[in-house]
Number of protein chains: 2
Amino acid sequence: MGVLDHTPAACRAREILDRVGGKWSLSVISQLGAETKRFTELSRGIEGVSHRMLTVTLRDLERDGIVSRRVYPVVPPRVEYALTPLGRTLLDLVGGLVTWAEDHLDEIDAARAAYDARAE
Amino acid sequence: MGVLDHTPAACRAREILDRVGGKWSLSVISQLGAETKRFTELSRGIEGVSHRMLTVTLRDLERDGIVSRRVYPVVPPRVEYALTPLGRTLLDLVGGLVTWAEDHLDEIDAARAAYDARAE
DNA sequence: CAGCATCCCCTGGGATACTG
DNA sequence: CAGTATCCCAGGGGATGCTG
(Lines give C-alpha, C1' and ligand atoms only; values in the text may rest on other atoms or scores of the structure.)
Protein backbone atom coordinates (compact mmCIF):
# COMPACT_ATOMS: atom_id res chain seq x y z
CA MET A 1 0.00 0.00 0.00
CA GLY A 2 1.34 3.39 -0.95
CA VAL A 3 0.25 7.00 -0.76
CA LEU A 4 -2.70 6.39 -3.01
CA ASP A 5 -4.57 3.58 -1.35
CA HIS A 6 -7.47 5.76 -0.20
CA THR A 7 -9.73 7.89 -2.29
CA PRO A 8 -9.23 11.12 -0.31
CA ALA A 9 -5.61 11.17 -1.44
CA ALA A 10 -6.67 11.05 -5.07
CA CYS A 11 -9.15 13.80 -4.31
CA ARG A 12 -6.42 16.12 -3.12
CA ALA A 13 -4.25 15.32 -6.09
CA ARG A 14 -7.21 16.21 -8.28
CA GLU A 15 -7.35 19.64 -6.72
CA ILE A 16 -3.88 20.44 -7.90
CA LEU A 17 -4.60 18.94 -11.30
CA ASP A 18 -7.52 21.32 -11.52
CA ARG A 19 -5.13 24.13 -10.72
CA VAL A 20 -2.39 23.11 -13.11
CA GLY A 21 -4.44 21.21 -15.66
CA GLY A 22 -5.51 24.21 -17.70
CA LYS A 23 -4.39 24.11 -21.29
CA TRP A 24 -1.81 26.89 -20.88
CA SER A 25 -0.86 26.68 -17.20
CA LEU A 26 2.20 24.51 -17.66
CA SER A 27 3.50 26.64 -20.50
CA VAL A 28 3.21 29.75 -18.38
CA ILE A 29 4.88 28.12 -15.40
CA SER A 30 7.53 26.83 -17.72
CA GLN A 31 8.17 30.26 -19.21
CA LEU A 32 8.37 31.87 -15.80
CA GLY A 33 10.64 29.18 -14.45
CA ALA A 34 13.76 30.85 -15.71
CA GLU A 35 12.92 34.50 -15.22
CA THR A 36 10.41 37.27 -14.71
CA LYS A 37 8.56 38.19 -17.87
CA ARG A 38 6.18 40.77 -19.22
CA PHE A 39 2.79 40.00 -20.70
CA THR A 40 3.89 40.35 -24.29
CA GLU A 41 7.05 38.33 -23.73
CA LEU A 42 4.95 35.47 -22.40
CA SER A 43 2.57 35.86 -25.29
CA ARG A 44 5.39 35.55 -27.80
CA GLY A 45 7.01 32.68 -25.92
CA ILE A 46 3.91 30.50 -25.89
CA GLU A 47 2.88 29.48 -29.35
CA GLY A 48 -0.81 29.49 -30.06
CA VAL A 49 -2.04 31.15 -26.91
CA SER A 50 -4.64 33.84 -27.44
CA HIS A 51 -4.54 37.16 -25.73
CA ARG A 52 -7.54 36.33 -23.67
CA MET A 53 -6.46 32.88 -22.55
CA LEU A 54 -3.11 34.16 -21.40
CA THR A 55 -4.87 36.73 -19.25
CA VAL A 56 -7.25 34.17 -17.82
CA THR A 57 -4.46 31.70 -17.11
CA LEU A 58 -2.32 34.33 -15.41
CA ARG A 59 -5.25 35.46 -13.29
CA ASP A 60 -5.96 31.90 -12.14
CA LEU A 61 -2.34 31.23 -11.28
CA GLU A 62 -2.09 34.52 -9.48
CA ARG A 63 -5.20 33.74 -7.48
CA ASP A 64 -3.70 30.43 -6.43
CA GLY A 65 -0.52 32.13 -5.27
CA ILE A 66 1.60 30.44 -7.93
CA VAL A 67 2.38 33.53 -9.96
CA SER A 68 2.98 37.07 -8.75
CA ARG A 69 1.97 40.16 -10.71
CA ARG A 70 3.76 43.44 -10.43
CA VAL A 71 2.34 46.57 -12.04
CA TYR A 72 4.51 49.62 -12.73
CA PRO A 73 2.51 52.86 -12.81
CA VAL A 74 4.01 54.08 -16.05
CA VAL A 75 2.73 54.75 -19.51
CA PRO A 76 2.72 52.67 -21.55
CA PRO A 77 1.79 50.13 -18.89
CA ARG A 78 4.41 47.68 -17.69
CA VAL A 79 3.42 44.49 -15.86
CA GLU A 80 5.84 41.79 -14.81
CA TYR A 81 4.99 38.24 -13.92
CA ALA A 82 7.10 35.83 -11.92
CA LEU A 83 6.77 32.58 -10.02
CA THR A 84 6.17 32.88 -6.30
CA PRO A 85 8.11 30.61 -3.93
CA LEU A 86 5.08 28.32 -4.02
CA GLY A 87 5.21 28.39 -7.78
CA ARG A 88 8.82 27.35 -7.74
CA THR A 89 8.04 24.27 -5.66
CA LEU A 90 5.50 23.40 -8.35
CA LEU A 91 8.18 23.80 -10.97
CA ASP A 92 10.14 20.95 -9.43
CA LEU A 93 7.06 18.76 -9.41
CA VAL A 94 6.26 19.55 -13.01
CA GLY A 95 9.82 18.65 -13.90
CA GLY A 96 8.90 15.15 -12.76
CA LEU A 97 5.95 15.14 -15.13
CA VAL A 98 8.13 16.16 -18.04
CA THR A 99 10.68 13.49 -17.28
CA TRP A 100 7.98 10.88 -17.06
CA ALA A 101 6.51 12.13 -20.32
CA GLU A 102 9.85 11.85 -22.07
CA ASP A 103 10.38 8.38 -20.70
CA HIS A 104 6.97 6.94 -21.51
CA LEU A 105 5.24 8.85 -24.27
CA ASP A 106 6.40 6.39 -26.91
CA GLU A 107 5.12 3.55 -24.80
CA ILE A 108 1.72 5.20 -24.49
CA ASP A 109 1.54 5.96 -28.17
CA ALA A 110 2.35 2.34 -28.94
CA ALA A 111 -0.34 1.16 -26.52
CA ARG A 112 -2.86 3.41 -28.21
CA ALA A 113 -1.93 2.20 -31.66
CA ALA A 114 -2.20 -1.42 -30.51
CA TYR A 115 -5.56 -0.80 -28.87
CA ASP A 116 -6.95 0.97 -31.91
CA ALA A 117 -5.66 -1.79 -34.17
CA ARG A 118 -7.46 -4.45 -32.11
CA ALA A 119 -10.75 -2.64 -32.41
CA GLU A 120 -10.09 -1.78 -36.09
CA MET B 1 17.62 26.87 -16.23
CA GLY B 2 15.85 23.62 -15.52
CA VAL B 3 13.84 21.05 -17.41
CA LEU B 4 11.11 23.52 -18.14
CA ASP B 5 12.81 26.42 -19.80
CA HIS B 6 11.48 25.66 -23.27
CA THR B 7 7.93 25.37 -24.38
CA PRO B 8 8.21 21.93 -25.98
CA ALA B 9 8.87 20.47 -22.54
CA ALA B 10 5.66 21.94 -21.25
CA CYS B 11 3.92 20.54 -24.32
CA ARG B 12 4.94 17.01 -23.50
CA ALA B 13 3.93 17.41 -19.90
CA ARG B 14 0.53 18.56 -21.13
CA GLU B 15 0.13 15.32 -23.02
CA ILE B 16 0.28 13.31 -19.87
CA LEU B 17 -1.97 15.76 -18.09
CA ASP B 18 -4.46 15.15 -20.86
CA ARG B 19 -4.12 11.46 -20.19
CA VAL B 20 -4.39 11.63 -16.43
CA GLY B 21 -6.32 14.84 -16.06
CA GLY B 22 -9.78 13.32 -16.41
CA LYS B 23 -12.01 13.82 -13.45
CA TRP B 24 -11.87 10.20 -12.32
CA SER B 25 -8.53 8.97 -13.65
CA LEU B 26 -6.55 9.53 -10.48
CA SER B 27 -9.19 7.89 -8.35
CA VAL B 28 -9.11 4.81 -10.53
CA ILE B 29 -5.33 4.67 -10.56
CA SER B 30 -5.38 5.15 -6.83
CA GLN B 31 -7.86 2.32 -6.31
CA LEU B 32 -5.87 -0.02 -8.51
CA GLY B 33 -2.60 0.92 -6.88
CA ALA B 34 -3.02 -1.59 -4.11
CA GLU B 35 -4.69 -4.47 -5.93
CA THR B 36 -6.65 -5.82 -8.85
CA LYS B 37 -10.32 -4.95 -8.65
CA ARG B 38 -13.59 -5.71 -10.35
CA PHE B 39 -15.85 -3.12 -11.93
CA THR B 40 -18.30 -3.01 -9.06
CA GLU B 41 -15.56 -2.84 -6.47
CA LEU B 42 -14.13 0.18 -8.18
CA SER B 43 -17.56 1.67 -8.46
CA ARG B 44 -18.11 1.33 -4.74
CA GLY B 45 -14.63 2.58 -3.89
CA ILE B 46 -14.96 5.82 -5.81
CA GLU B 47 -17.56 8.06 -4.36
CA GLY B 48 -19.71 9.92 -6.81
CA VAL B 49 -18.62 8.22 -10.00
CA SER B 50 -21.39 7.26 -12.34
CA HIS B 51 -21.62 3.92 -14.03
CA ARG B 52 -20.92 5.44 -17.37
CA MET B 53 -17.98 7.61 -16.38
CA LEU B 54 -16.24 4.70 -14.74
CA THR B 55 -16.55 2.75 -17.97
CA VAL B 56 -15.27 5.63 -20.05
CA THR B 57 -12.36 6.28 -17.70
CA LEU B 58 -11.34 2.64 -17.65
CA ARG B 59 -11.46 2.46 -21.45
CA ASP B 60 -9.25 5.52 -21.79
CA LEU B 61 -6.72 4.23 -19.30
CA GLU B 62 -6.75 0.84 -20.95
CA ARG B 63 -6.18 2.41 -24.32
CA ASP B 64 -3.18 4.30 -22.98
CA GLY B 65 -1.70 1.09 -21.59
CA ILE B 66 -2.05 2.24 -18.00
CA VAL B 67 -4.73 -0.22 -16.95
CA SER B 68 -5.17 -3.83 -18.01
CA ARG B 69 -8.53 -5.49 -18.42
CA ARG B 70 -9.06 -9.19 -17.94
CA VAL B 71 -12.35 -10.82 -18.85
CA TYR B 72 -13.36 -14.20 -17.46
CA PRO B 73 -15.78 -16.06 -19.73
CA VAL B 74 -18.22 -16.94 -17.00
CA VAL B 75 -21.74 -16.03 -16.16
CA PRO B 76 -22.36 -13.70 -14.49
CA PRO B 77 -19.52 -11.80 -16.16
CA ARG B 78 -16.35 -11.20 -14.24
CA VAL B 79 -13.89 -8.53 -15.31
CA GLU B 80 -10.81 -7.59 -13.39
CA TYR B 81 -8.84 -4.39 -13.72
CA ALA B 82 -5.23 -3.82 -12.69
CA LEU B 83 -2.41 -1.40 -13.26
CA THR B 84 0.06 -2.33 -15.95
CA PRO B 85 3.80 -1.87 -15.27
CA LEU B 86 3.47 1.47 -17.03
CA GLY B 87 0.56 2.31 -14.77
CA ARG B 88 2.65 1.55 -11.72
CA THR B 89 5.33 4.01 -12.78
CA LEU B 90 2.56 6.57 -13.04
CA LEU B 91 1.50 5.67 -9.54
CA ASP B 92 4.86 6.79 -8.23
CA LEU B 93 4.58 10.05 -10.08
CA VAL B 94 1.11 10.68 -8.81
CA GLY B 95 2.36 10.01 -5.33
CA GLY B 96 4.47 13.11 -5.79
CA LEU B 97 1.38 15.09 -6.70
CA VAL B 98 -0.43 13.91 -3.62
CA THR B 99 2.46 14.80 -1.38
CA TRP B 100 2.69 18.23 -2.93
CA ALA B 101 -1.03 18.67 -2.50
CA GLU B 102 -0.87 17.76 1.16
CA ASP B 103 2.04 20.13 1.69
CA HIS B 104 0.61 23.13 -0.10
CA LEU B 105 -3.16 23.00 -0.28
CA ASP B 106 -3.57 25.22 2.77
CA GLU B 107 -1.19 27.71 1.23
CA ILE B 108 -3.18 27.77 -1.98
CA ASP B 109 -6.46 28.12 -0.17
CA ALA B 110 -5.04 31.02 1.81
CA ALA B 111 -3.79 32.66 -1.38
CA ARG B 112 -7.23 32.33 -2.93
CA ALA B 113 -8.96 33.77 0.11
CA ALA B 114 -6.55 36.71 0.14
CA TYR B 115 -7.02 37.31 -3.57
CA ASP B 116 -10.78 37.19 -3.33
CA ALA B 117 -10.73 39.51 -0.33
CA ARG B 118 -8.70 42.10 -2.24
CA ALA B 119 -11.20 42.10 -5.06
CA GLU B 120 -14.14 42.10 -2.58
C1' DC C 1 -22.38 -8.15 -13.28
C1' DA C 2 -20.54 -5.21 -16.58
C1' DG C 3 -21.50 -2.25 -19.99
C1' DC C 4 -23.30 0.40 -24.27
C1' DA C 5 -26.75 3.96 -25.89
C1' DT C 6 -29.11 8.14 -25.53
C1' DC C 7 -30.05 12.70 -24.11
C1' DC C 8 -28.73 16.97 -22.26
C1' DC C 9 -26.23 20.49 -19.92
C1' DC C 10 -22.37 23.29 -18.75
C1' DT C 11 -17.81 24.98 -18.88
C1' DG C 12 -13.26 25.51 -21.11
C1' DG C 13 -11.48 27.74 -24.46
C1' DG C 14 -11.21 30.07 -29.38
C1' DA C 15 -12.04 34.53 -32.27
C1' DT C 16 -12.79 39.09 -32.43
C1' DA C 17 -13.32 43.88 -31.14
C1' DC C 18 -12.84 47.70 -27.92
C1' DT C 19 -10.14 50.66 -24.03
C1' DG C 20 -6.95 53.20 -20.32
C1' DC D 1 1.22 47.70 -23.70
C1' DA D 2 -1.87 45.16 -21.24
C1' DG D 3 -5.67 44.17 -20.79
C1' DT D 4 -11.54 43.69 -20.68
C1' DA D 5 -15.96 42.46 -23.08
C1' DT D 6 -18.72 39.66 -26.01
C1' DC D 7 -19.98 35.93 -28.67
C1' DC D 8 -19.71 31.20 -29.88
C1' DC D 9 -18.77 26.33 -30.17
C1' DA D 10 -16.95 21.42 -29.07
C1' DG D 11 -16.78 18.05 -25.98
C1' DG D 12 -16.42 16.59 -21.05
C1' DG D 13 -19.27 14.84 -18.06
C1' DG D 14 -23.98 13.89 -15.57
C1' DA D 15 -28.63 11.05 -15.52
C1' DT D 16 -31.14 7.45 -17.00
C1' DG D 17 -32.52 3.24 -19.33
C1' DC D 18 -31.63 -1.14 -21.94
C1' DT D 19 -28.89 -5.71 -22.63
C1' DG D 20 -25.82 -10.21 -22.92
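Just so it is clear: chains get the letters A, B, ... in the order the sequence lines come, proteins before strands, and each one is counted from 1.
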Inset, instruction - For the side chain of B:Arg59, starting at C-beta, report the closest nucleotide among C:dC4, D:dT4, C:dA2. - result: C:dC4
Legend entry - Residues which pass ring-ring contact (aromatic ring centres under 6.0 Å, His included) with B:Tyr81, listed by chain and number, not counting sequence neighbours: none
Inset, instruction - Determine the sole option in B:Arg44, B:Lys37, B:Glu41 for which the side chain to side chain donor-acceptor pair (under 3.5 Å) test with B:Gln31 is passed. - result: B:Lys37
Legend entry - End-to-end axis angle, where each axis spans five pairs of the helix from C:dC1-D:dG20 to C:dG20-D:dC1, to 10°: 50°
Inset, instruction - Ignoring backbone atoms, establish whether A:Thr55 has a side-chain N or O less than 4.0 Å from OP1 or OP2 of D:dG3. - result: no
Legend entry - Atom pair CZ/OG of A:Arg14 and B:Ser30 - distance to nearest 0.5 Å: 12.5 Å
Inset, instruction - Using a 4.5 Å cut-off on heavy atoms from C-beta on, say whether the side chain of B:Leu58 contacts that of B:Arg69. - result: no
Inset, instruction - Verify, without hydrogens or angle tests, whether A:Thr36 (side chain) and A:Glu80 (backbone) share a donor-acceptor contact under 3.5 angstrom. - result: no
Inset, instruction - For DNA chain D, find the residues of residues 68-80 of chain B with a heavy-atom distance under 4.0 Å and give them by number; none if there aren't any. - result: B:Pro77
Pairs under 3.5 angstrom, nitrogen or oxygen only, protein versus nucleotides 14-19 of chain C, please.
{"from": "C:dG14", "atom 1": "OP1", "to": "A:Lys23", "atom 2": "NZ", "distance (Å)": "2.6"}
{"from": "C:dG14", "atom 1": "OP2", "to": "A:Trp24", "atom 2": "NE1", "distance (Å)": "3.0"}
{"from": "C:dG14", "atom 1": "O6", "to": "A:Arg52", "atom 2": "NE", "distance (Å)": "3.3"}
{"from": "C:dG14", "atom 1": "O6", "to": "A:Arg52", "atom 2": "NH2", "distance (Å)": "3.2"}
{"from": "C:dA15", "atom 1": "N6", "to": "A:Arg52", "atom 2": "NE", "distance (Å)": "3.2"}

Legend entry - Distance in angstrom units between A:Leu17 CG and D:dG13 P, rounded: 12 Å
Inset, instruction - Sequence neighbours left out, what passes side-chain contact (heavy atoms from CB on, under 4.5 Å) with A:Arg112? Give chain and number order. - result: A:Ile108, B:Arg19, B:Arg63, B:Asp64
Inset, instruction - Give a yes/no on whether any side-chain N or O of A:Tyr81 is located under 4.0 angstrom from OP1 or OP2 of D:dC1. - result: no
Inset, instruction - Return the value, rounded to whole Å, for the distance between atom CG of B:Leu58 and atom P of D:dG13. - result: 14 Å
Inset, instruction - Sequence neighbours left out, what passes side-chain hydrogen bond (donor to acceptor under 3.5 Å, both in side chains) with B:Arg52? Give chain and number order. - result: none
Inset, instruction - Say whether, by atom type as modelled, one donor and one acceptor occur between the side chain of A:Arg88 and the main chain of A:Leu83 under 3.5 angstrom. - result: yes
Legend entry - Whole angstrom value for the distance that separates P of D:dG13 from CD1 of B:Ile46: 14 Å
Legend entry - Rounded distance (nearest 0.5 Å) linking atom CD1 of B:Ile66 with atom OG of B:Ser25: 8.0 Å
Inset, instruction - Working to the nearest 0.5 Å, report the span between CG of B:Leu90 and CD1 of B:Ile16. - result: 6.5 Å
Inset, instruction - Let me know the distance between CZ of A:Arg14 and C1' of D:dG13, rounded to the nearest Å. - result: 12 Å
Inset, instruction - Compare all side-chain heavy atoms of A:Met53 with those of A:Lys23 and state whether any distance is below 4.5 angstrom. - result: no
Inset, instruction - Could you state the atom-to-atom distance from CD of B:Glu62 to P of C:dA2 in whole Å? - result: 15 Å
Inset, instruction - Report the nucleotide, chosen from D:dA2, C:dC1, D:dG3, that has the shortest atom-to-atom distance to any side-chain atom of B:Arg38. - result: C:dC1
